[in-house]
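Encoded as structure tokens, the structure appears first; notes follow it.
Sequence positions, counted from 1, serve as the residue numbers for this chain. Every heavy atom of this structure was used, including side-chain atoms; hydrogens, water molecules and symmetry mates were not.
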Amino acid sequence: MFLSIMLGLLVIKTDFSYTVVKLSEIQAIEVVDKGVSGGGILTVTLKGDKQEQIVYGEDNKEKWDDVKEWLETNVFNI
């Protein structure tokens, strides 16, 4: 999983999909570790209807650690 911010957009890219979300439309971002097996789940909740969510899972521990580190570094930009 790869995340980046450009021109007011959050870009989420995985091996299977590509998502672009306006930063102004994001209400919350939740990161949950899977535990001992490594990896985790990233959930982006959009403003408005709380049931509108974008959910991604990552099984690779190294990639998941990169996602968490990126979010810690860029949380204030979001």
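Between Leu42 and the choices Ile54, Leu71, Val55, the side-chain contact (heavy atoms from CB on, under 4.5 Å) rule is met once, by Leu71.
If you take CD on Glu69 and CG on Asn74, they are separated by 10.0 Å, rounding to the nearest 0.5 Å. Rounding to the nearest 0.5 angstrom, the gap separating the OG1 atom in Thr73 from the NZ atom in Lys68 is 13.0 Å. Here CD1 of Ile12 is found 11.5 Å from CZ of Phe2. Values are rounded to the nearest 0.5 Å.
The heavy-atom pair separating Asn60 from Lys63 by the smallest distance is OD1-N, 3.1 Å. Of all non-hydrogen atoms in Trp64 and Val31, the two that sit nearest each other are CZ2-CG1, 3.1 Å. The two atoms that bring Lys47 and Gln27 nearest to each other are CA-OE1, 3.7 Å, heavy atoms only.
Contact annotation: the side chain of Lys34 approaches that of Asp59 to within less than 4.5 Å [non-hydrogen atoms, C-beta and beyond]. A 4.5 Å side-chain heavy-atom check between Thr14 and Tyr56 finds at least one atom pair inside the cut-off. Side chains of Val20 and Leu10 form no contact here, defined as non-hydrogen atoms less than 4.5 Å apart. Using a 4.5 Å heavy-atom threshold, the side chains of Leu23 and Leu9 count as separate. Between Thr43 and Ile29 the shortest side-chain heavy-atom distance does not fall below 4.5 Å. Taking 4.5 Å as the limit, every side-chain heavy atom of Thr19 sits out of range of all side-chain heavy atoms of Val11. Annotation: side chain of Glu72 is not in contact with side chain of Val67 (no heavy-atom distance under 4.5 Å). With a 4.5 Å cut-off on side-chain heavy atoms, Ile5 and Trp70 count as touching.
Between the side chain of Glu58 and the main chain of Met1, a donor-acceptor pair closer than 3.5 Å is present.
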Output, in order, the C-alpha distance, side-chain angles, deciding distance and verdict of side chain to side chain contact (heavy atoms under 4.5 Å, CB included) for Val44 and Glu52. CA-CA 9 Å; Val44 178; Glu52 291 186 42; over 6 Å; no
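Within a 6.0 Å radius of NZ in Lys13, other residues, nucleotides and ligands contribute 12 heavy atoms or fewer.
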